Protein chains: 2
Amino acid sequence: MNSILLPSRGRVTISEVASAAGVSKASVSRYIGGDRQLLAEATAERIAQTIERLGFRPNQMARGLKRGRTRLIGMLVADILNPYSVAVMHGVETACQRHGYTLVVCNTNRDDEQECRHLAALQSYNVEGLIVNTLGHHAGELKDLQNRLPLVLVDRQMEGFEADLVGLDNTQAVRQAIDHLQQRGYRDLLLVSEPLDGTSSRQERAQAFRTQIAANPSLKGRLLETNGDFTAKLKTFLTEPGPGPKAVFAANGMAALTSTASLRELGCRLFEDIGLIALDDLDWYPLVGNGGITALAQPTEAIGITALEYLLARLNGSRSAAQRMAFPAELRIRGSTQPRIS
Amino acid sequence: MNSILLPSRGRVTISEVASAAGVSKASVSRYIGGDRQLLAEATAERIAQTIERLGFRPNQMARGLKRGRTRLIGMLVADILNPYSVAVMHGVETACQRHGYTLVVCNTNRDDEQECRHLAALQSYNVEGLIVNTLGHHAGELKDLQNRLPLVLVDRQMEGFEADLVGLDNTQAVRQAIDHLQQRGYRDLLLVSEPLDGTSSRQERAQAFRTQIAANPSLKGRLLETNGDFTAKLKTFLTEPGPGPKAVFAANGMAALTSTASLRELGCRLFEDIGLIALDDLDWYPLVGNGGITALAQPTEAIGITALEYLLARLNGSRSAAQRMAFPAELRIRGSTQPRIS
DNA sequence: GCGTTGGTTGAAACCGGTTTCAGGAGATCA
DNA sequence: TGATCTCCTGAAACCGGTTTCAACCAACGC
């Protein structure tokens, strides 16, 4: 028993606890590792008291080293300023907490290089699994990573990359939007989307919109991206002749913000002059225009929780084939699509 | 030289690199640790190639163990669904990235117990420093923690707890708001705040409001918290007689949301019927009412960056006394406080 | 030719835990 | 009484790195 114990960097270590309790490191380790049935009642009690008295907290890094379990989950978020991402992250965090994991979040700022760097960093911290909201440009790295760790995609998938995916049922959501608009008397629709840069969810929504409009002869539909001089492009749509009342379908929260701002700028009143429905339901939707913006809410909390549960399932090895969960959106009708009385 | 090398858990280790390159672990360690001037040119080159060939990534956990440097920074956020917190976090992350740190974020969900648990967790992961947006109820734990790690508070301070603090100059911001409202002809002011539960920034804003109203005989001022039946309380304010035009001052983004919603509910038009100014500047402020909501924007990015820089200064030991940085707010005038023509 | 010096290198201890393995103390059985 | 079987425990190896320390080699000065 060595009597000289240097408290390293101020923190109590397992060796100090061991010698203070008059037992071996192994016993203390067994105690904190939950192998308590291996210990005699009296020993366990003595260790418990010593730990309490010294305020010992095991060093998770050291534990992870030998054990392979760091209890860390990594999450890669494309844009942390996007409320959708934060909401999903909140769900993931809730689930992590529930299962005793800690979440490490990295924000790529929609930057390819940062995505790469952060993937490497998370790996080097021995996260046990990854939840990825990817830009979709690093199939190689991701495939490589998937061989090492369980990995679940959120919202966005990737061409030629087999992995669990949790997100929205985009086709169904677009159908709900179009159906609702049509039912409310709109005939000339404009899908507003952030730039179609390869982000799969945006592509899917755009594609579903095109397909469904093409299949519906009574409707006309166009697609506008929010880059360039969006207001000017929007104005063109507003002045163009069409088959009937016009409505905008914003493909996500950002598009809703841009659309609403541009419509205001053009002096165009929501509902009175034009219909509006938006994917995502942000907390300010009820405050805008005449009675708020009609929304298709994503179950973000559920998406986050499910993503983590898929990950845990893989960690436990209880799954093999890539699985996909597409949640339905929930329609929340507000003033921007009130029944047209015309 | 041991020829049997089991690739542990699929990842390449320093020993494998060492034996593949025909050098010792020590040399490889020196190479990745940046002590390259200790190595002969040829050796360094050989190691570089081997690392590249094998795709070796050093395990940060293992490095941190002996070295004491994990290059991890912990951040405790009171409410991740609050855009203010996310914006600050974005600043912190930017700065972390710039200095080669990785950020671990924990959300306490405004829960005391979770705050405690997360503080313990972050500590057990050997973060090198902490940025804390605390609830303000755990002076004991925090003091204890401060003895072990550098720690910087964001937005919220704590009674009897000396630490670096980065946030808004609340007194000055309240002065800007009151001055602006008075200048625009408003005389009967209502400060709307989330519940004064001890959160220091809320208290400071409320206190500054009371003080400044008391010192200004031409103004009347009341304070309302957003709990209970807020709309009813707001209605009372609106119908009460006062010394002149009424205006609401929302003490943060949440209060702005609640206030705007209740005003709508009461059929009260912004600007025409009542003035509104809000602390924080959220992206939807321009879209509401007649010309948007006037805002006092916080420099959230700068707050986050500064918080991390203070932390790094402490990590380098180049600071002793607790320091405080109070940023000014920036007034952004919009429709909700247009000049009163009356 | 020999002691010094400085630049490189590897063996081994170490960080703070976990895990294997062997051994000692009782209890049970023949 | 001795053999066997549990149950509990500690020594030591190990995880993947870092760091100390001593040794080696070539060049240098005298």
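Owing to the predicted nature of the structure, the values given are computational and were not obtained by experimental measurement. Below, chains carry the letters A, B, ... as their sequence lines are ordered, and counting in each starts from 1.
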Does the side chain of [X] pick up a donor-acceptor pair with the side chain of [Y] at under 3.5 Å?
{"X": "B/H90", "Y": "A/N109", "answer": "yes"}
{"X": "A/Q49", "Y": "A/E45", "answer": "yes"}
{"X": "B/Q60", "Y": "B/R71", "answer": "no"}

Rounded to whole angstroms, how far apart are [atom1] on [X] and [atom2] on [N]?
{"X": "B/L65", "N": "D/dC14", "atom1": "CG", "atom2": "C1'", "answer": "13 Å"}
{"X": "B/R36", "N": "C/dG7", "atom1": "CZ", "atom2": "P", "answer": "19 Å"}
{"X": "A/E45", "N": "D/dC8", "atom1": "CD", "atom2": "P", "answer": "16 Å"}
{"X": "B/L38", "N": "C/dG10", "atom1": "CG", "atom2": "C1'", "answer": "13 Å"}
{"X": "A/L39", "N": "D/dC7", "atom1": "CG", "atom2": "C1'", "answer": "11 Å"}

B/L119/B/L142 under side-chain contact (heavy atoms from CB on, under 4.5 Å): CA gap, chis, key distance, verdict: CA-CA 9 Å; B/L119 281 175; B/L142 282 180; 3.9 Å; yes
Touch class at under 4.0 angstrom, heavy-atom based, for B/E41 against every strand present: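 Nothing: the residue B/E41, judged by heavy atoms under 4.0 Å, touches no strand.
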Reported OG1-to-CG distance for the pair B/T43 and B/L38, which is rounded to 0.5 angstrom: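 Those atoms lie 11.5 Å apart.
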Provide a list of protein-nucleic acid N or O atom pairs under 3.5 angstrom, restricted to nucleotides 17-20 of chain D.
| from | atom 1 | to | atom 2 | distance (Å) |
| --- | --- | --- | --- | --- |
| D/dG17 | OP1 | B/N59 | N | 3.3 |
| D/dG17 | OP2 | B/I14 | N | 2.6 |
| D/dG17 | O5' | B/N59 | N | 3.4 |
| D/dG17 | N7 | B/K25 | NZ | 3.1 |
| D/dG17 | O6 | B/K25 | NZ | 3.0 |
| D/dT18 | OP1 | B/R63 | NE | 2.6 |
| D/dT18 | OP1 | B/R63 | NH2 | 3.0 |
| D/dT18 | OP2 | B/S29 | OG | 2.4 |
| D/dT18 | O5' | B/S29 | OG | 3.4 |

Under 3.5 Å donor-acceptor, B/E128 side chain and B/L315 backbone: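 Checking the backbone N and O of B/L315 against the side chain of B/E128, no donor-acceptor pair under 3.5 Å is found.
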